[in-house]
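Everything numeric in this text was worked out from a predicted model, so none of it was measured. Only this structure's heavy atoms are used, side chains among them; waters, hydrogens and symmetry mates stay out.
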Amino acid sequence: MEGAWDIAFLLFQVWLSIVVGLIVLPAMFGVSLGFTDIYIKVLVKTLERYDHSFLSISDHIFLLLYLVSFQIHNVFSGIIEKDDGSMEEEIGELRRSHPKNLAGGDFTLCDAFYFCKKGIENIVEDQVTQRFTSEELASWNLLTRTNNNFRYISVRLTIIWGLGVFIRYCILLPLRITLAVIGLSWLVIGTTLVGLLPTSNAKNWLSDLVHITCYRICARALSATIHYHNKENRPKKGGICVANHTSPIDIVILANDGCYAMVGQVHGGLMGVIQRSMVRSCPHVWFERSEMKDRHAAAKRLKDHIDDKTKLPILIFPEGTCINNTSVMMFKKGSFEIGGTIYPVAIKYDPQFGDAFWNSAKYNMVSYILRMMTSWAIVCNVWYLPPMTRQDGEDAVHFANRVKSAIAQQGGLVDLSWDGGLKREKVKESFKEEQQKMYSSMIVGLDCHEASEGPV
């Protein structure tokens, strides 16, 4: 029995030595030995080969029938084609097509068709609900067997999928858990020790070193391949970094290339331990739940932080919730009211290797992290956009929308004005009132934009 324990301890030592020597230490110094790049290239080749070579004749017939049915579905879905025009333009078009109806600013019965059409469009496919479901893939990535259309394609694919399960759960998962434990332990221990030092430039330097090395190890725990673009625009001290939000790992992705002061609510449990250790070495901004509801108190703390040009840039996700990597939804205006320079960042994940979106209504944090650690990899692009400041006469809402549009355009994301809070809440009455005001203003002969500038 003692001999078995000795062998197990020896294997553990060998395993830990390999992990520390070949992954942890290079990650801490920002060096890559190229294992992840080779792994990604093998994955790409494997998935490409699956697309072209793994299907038998019967499989091709099956896929052909599936594609035909898909095209038929698209044809019928296209009966309702959404227009990008304003309410005034679309109702005006309806009135021109019905010359017998009254013209001018009076009510006409055909106006009701506009609201019926919009209602049916949103019942068939509304812009909000589909942003909180996983992004659809062009082809299967061998990660799941829940799609009934592809469950029994061929024996060969089932074998390949089973081999993938073994690799992901028996090799990659233990490795990634080991790296995550090392990274988080280093964060807690390192920041606690640095927090004992007196305030000085040396303490700030050590704090930055501990944080960035921790996030680099955690990035290895996700097999993350991150492509950073336009690094000359990276956020600077005393500024605010705002980014679109897909996943909690957005923090790891961004902090892997630079240090930030985090903003968030105070938590208990393991997360609370990490927060308390982090704040000892770096001025992160953690809010109590009651303080989060006090906008003035929250704004004051954030403003005091950015007024100190020696402090790290604040990292904020103005959407307030995770969106499924296809769109950018409404930015809360609070981050844009406190002044300072805004550094926009666009993040776009490659869904071919793993779904980074956190559907918090479906998965808790533990389940989500398990899904991330059993995916093939996390591959994403990060674009640093030129810094932006509030223009003369521009209010916080318009400034937020301008920043949001820049992020959406750079990341190839759909720019939506809807509030991400609709993920859990009903549509606000103010949204309905805005539409009513726009229509009533048109009826009485006012410009729609005079009555409303859109939802806030």
Side-chain angles (χ1 to χ4, degrees), residues 18-19 22-24 26-28 30-51 54 134-146 157 160-184 214-229 244-257 322 324-326 346-359 363 365-383 411-412:
I18 293 174
V19 170
L22 297 182
I23 302 177
V24 174
M28 294 178 71
V31 177
S32 174
L33 299 182
F35 295 123
T36 302
D37 294 335
I38 295 173
Y39 169 66
I40 295 296
K41 290 179 181 178
V42 171
L43 275 178
V44 171
K45 293 293 183 182
T46 301
L47 295 177
E48 287 179 352
R49 185 179 178 186
Y50 153 71
D51 284 338
F54 284 171
S134 295
E135 182 180 5
E136 292 191 9
L137 298 177
S139 61
W140 185 36
N141 58 3
L142 302 175
L143 279 179
T144 180
R145 299 291 277 179
T146 58
L157 281 181
I160 293 297
W161 173 77
L163 179 61
V165 170
F166 174 79
I167 293 173
R168 291 186 291 113
Y169 282 86
C170 299
I171 299 177
L172 294 180
L173 181 58
L175 174 63
R176 290 169 175 174
I177 290 177
T178 303
L179 290 171
V181 171
I182 293 174
L184 293 177
C214 160
Y215 289 118
R216 285 173 177 173
I217 296 171
C218 290
R220 296 295 198 278
L222 298 169
S223 299
T225 299
I226 312 166
H227 306 286
Y228 297 98
H229 307 276
N244 58 299
H245 198 22
T246 303
S247 160
I249 65 173
D250 292 340
I251 296 173
V252 176
I253 299 300
L254 293 177
N256 191 58
D257 190 47
C322 296
N324 73 347
N325 194 44
T326 64
I347 307 173
K348 177 67 175 178
Y349 292 90
D350 188 340
Q352 181 182 13
F353 305 99
D355 181 18
F357 169 58
W358 181 32
N359 186 351
Y363 303 104
M365 179 61 75
V366 175
S367 299
Y368 172 75
I369 295 299
L370 180 62
R371 284 171 57 85
M372 289 296 95
M373 289 191 171
T374 55
S375 64
W376 291 120
I378 297 298
V379 179
C380 68
N381 285 279
V382 175
W383 291 273

Nearest-0.5 Å distance, CD1 of residue I182 to SG of residue C214: 11.5 Å
Are F357 and T326 close enough that some pair of their side-chain heavy atoms sits under 4.5 Å apart? no
Ignoring hydrogens, what is the shortest heavy-atom contact between N325 and I347? Give both atom names and the distance. OD1-O, 4.4 Å
Of all heavy-atom pairs linking T374 and R176, the shortest is N-NH1, 4.0 Å
To the nearest 0.5 Å, atom CG of L222 lies from atom CD1 of I249 at 5.5 Å
Donor-acceptor contact below 3.5 Å, side chain W358 vs main chain Y363: yes
What's the separation between atom OG in S247 and atom CD1 in I369, rounded to the nearest 0.5 Å? 7.0 Å
Do L175 and L179 touch side chain to side chain, with heavy atoms closer than 4.5 Å? yes
Using every non-hydrogen atom in the two residues, find where A180 and A221 come nearest and quote the distance to one decimal. N-CB, 3.8 Å
Measure across T36 and A224 and return the closest heavy-atom pair with its distance rounded to 0.1 Å. CG2-O, 4.3 Å
Between Y39 and T225, does any side-chain donor sit less than 3.5 Å from a side-chain acceptor? no
Please round to the nearest 0.5 Å and tell me the distance separating atom CZ of R220 and atom OG1 of T178. 15.5 Å
Non-hydrogen side-chain atoms of D350 and N381 separated by less than 4.5 Å: no
Smallest heavy-atom separation, M372 atom then D355 atom, equals CE-O, 2.6 Å
Which residue is it: N256, V24, V252? I am looking for the one with a side chain to side chain contact (heavy atoms under 4.5 Å, CB included) to R216. N256
Do I251 and Y215 make a side-chain contact, defined as non-hydrogen atoms from C-beta onward lying under 4.5 Å apart? yes
Ring pair (Phe, Tyr, Trp, His ring centres under 6.0 Å) against W383, all qualifying residues, sequence neighbours excluded: H229
Can you list the residues that meet the salt bridge (charged side-chain N to carboxylate O under 4.0 Å, His left out) rule with D250, with sequence neighbours excluded? none
Between atom OH of Y169 and atom CE of M373, what is the distance when rounded to the nearest 0.5 Å? 13.0 Å
Residue pair D257 / V382, side-chain heavy-atom distance below 4.5 Å: no
Any idea which heavy atoms bring G354 and S375 closest together, and the distance? CA-CB, 4.0 Å
Nearest-0.5 Å distance, CG of residue N244 to NZ of residue K348: 9.0 Å
I171 vs F166 side-chain heavy atoms within contact, under 4.5 Å: yes
State, with a plain yes or no, whether a side-chain heavy atom of F353 is found less than 4.5 Å away from one of S223. no
Yes or no on side-chain contact (heavy atoms from CB on, under 4.5 Å) for L370 and L173, after CA distance, side-chain angles and deciding distance? CA-CA 8 Å; L370 180 62; L173 181 58; 4.1 Å; yes
